[in-house]
Amino acid sequence: MYPKWHALSGIILVALIWIFIPQIKILYLILIFAAAFLIDFDHYAIAIFRTKKFSLKNAFDYYEKERLKEIKEIKRGIKRKGDFHFFHTIEFQALLGVLGFFWIGFFYLFVGMVFHSLLDLIDMLYKGRIHRREFFFFNWARKRKTKQN
Ligand SMILES: [Zn+2]
């Protein structure tokens, strides 16, 4: 899902929370929004890693090419995993959830990221591309290891 839609849905989520829990600290609302939006930083990092270029436009171009490649592959019945995105893994988000017991700020980051991930999930299901994502860090690490051996 495009970052602009995540930004927009993040604003809507934060506004709704603010309406229902008006006494919530502004910092927590900022954390929820930041997490719901900036979680996609992992996509940017992978684009830099793959293309060795730092520009944000370059990252968008990279994912646009990937998207077109993916559409062709799906048409030919090829169901390949896409790039690995660490912030989008269940393990990373569970870790944030656990850290939330130590500092409440992590809990709000967790809320934002889970919200983002749910939207991604719905979007991927809708577009028939759920196979592209690796949801588990340990799966990814295990497959990498067996590939190298
Ligand atoms: Zn995402």
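Just so you know, these numbers come straight off a predicted model, no measurement behind them. Order of listing sets the numbers, starting from 1, for every ligand and every atom in it. Values reported hereafter were calculated over all heavy atoms of this structure, with side chains retained and with hydrogens, waters and symmetry mates removed.
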A.B. asks: Ring centroids only, cut at 6.0 angstrom: are Trp103 and Phe106 within range, meaning strictly under it?
C.D. replies: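 They qualify: ring centres under 6.0 Å apart.
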
A.B. asks: Does Phe110 share a hydrophobic cluster with Ile104, counting links as ILVMFWY side-chain heavy atoms below 4.5 Å and allowing steps through other members?
C.D. replies: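 Result: yes, single cluster for both.
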
A.B. asks: Give a yes or no answer on whether the side chain of Tyr44 reaches the backbone of Phe54 with a donor-acceptor pair at less than 3.5 Å.
C.D. replies: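 Yes: the side chain of Tyr44 pairs with the backbone of Phe54.
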
A.B. asks: Which single N/O/S atom of Asp120 lies at minimum distance from the Zn ion (ligand 1)?
C.D. replies: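 Output for this pair reads OD2.
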
A.B. asks: Is the closest basic N to carboxylate O distance between Glu73 and Arg132 below 4.0 Å?
C.D. replies: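 Salt bridge present between Glu73 and Arg132.
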
A.B. asks: Checking only N/O/S atoms, does His116 have one that is under 2.8 Å from the Zn ion (ligand 1)?
C.D. replies: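 Checking His116: at least one N, O or S atom is under 2.8 Å.
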
A.B. asks: I'd like to know: is the Zn ion (ligand 1) within the 2.8 Å range of an N/O/S atom from His43, strictly under that distance?
C.D. replies: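 Looking at His43, which is the residue asked about, there is no N, O or S atom under 2.8 Å from the Zn ion (ligand 1).
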
A.B. asks: Need the atom name: nearest N/O/S atom of Asp40 to the Zn ion (ligand 1).
C.D. replies: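 The Asp40 atom nearest to the Zn ion (ligand 1), restricting to N, O or S, is OD1.
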
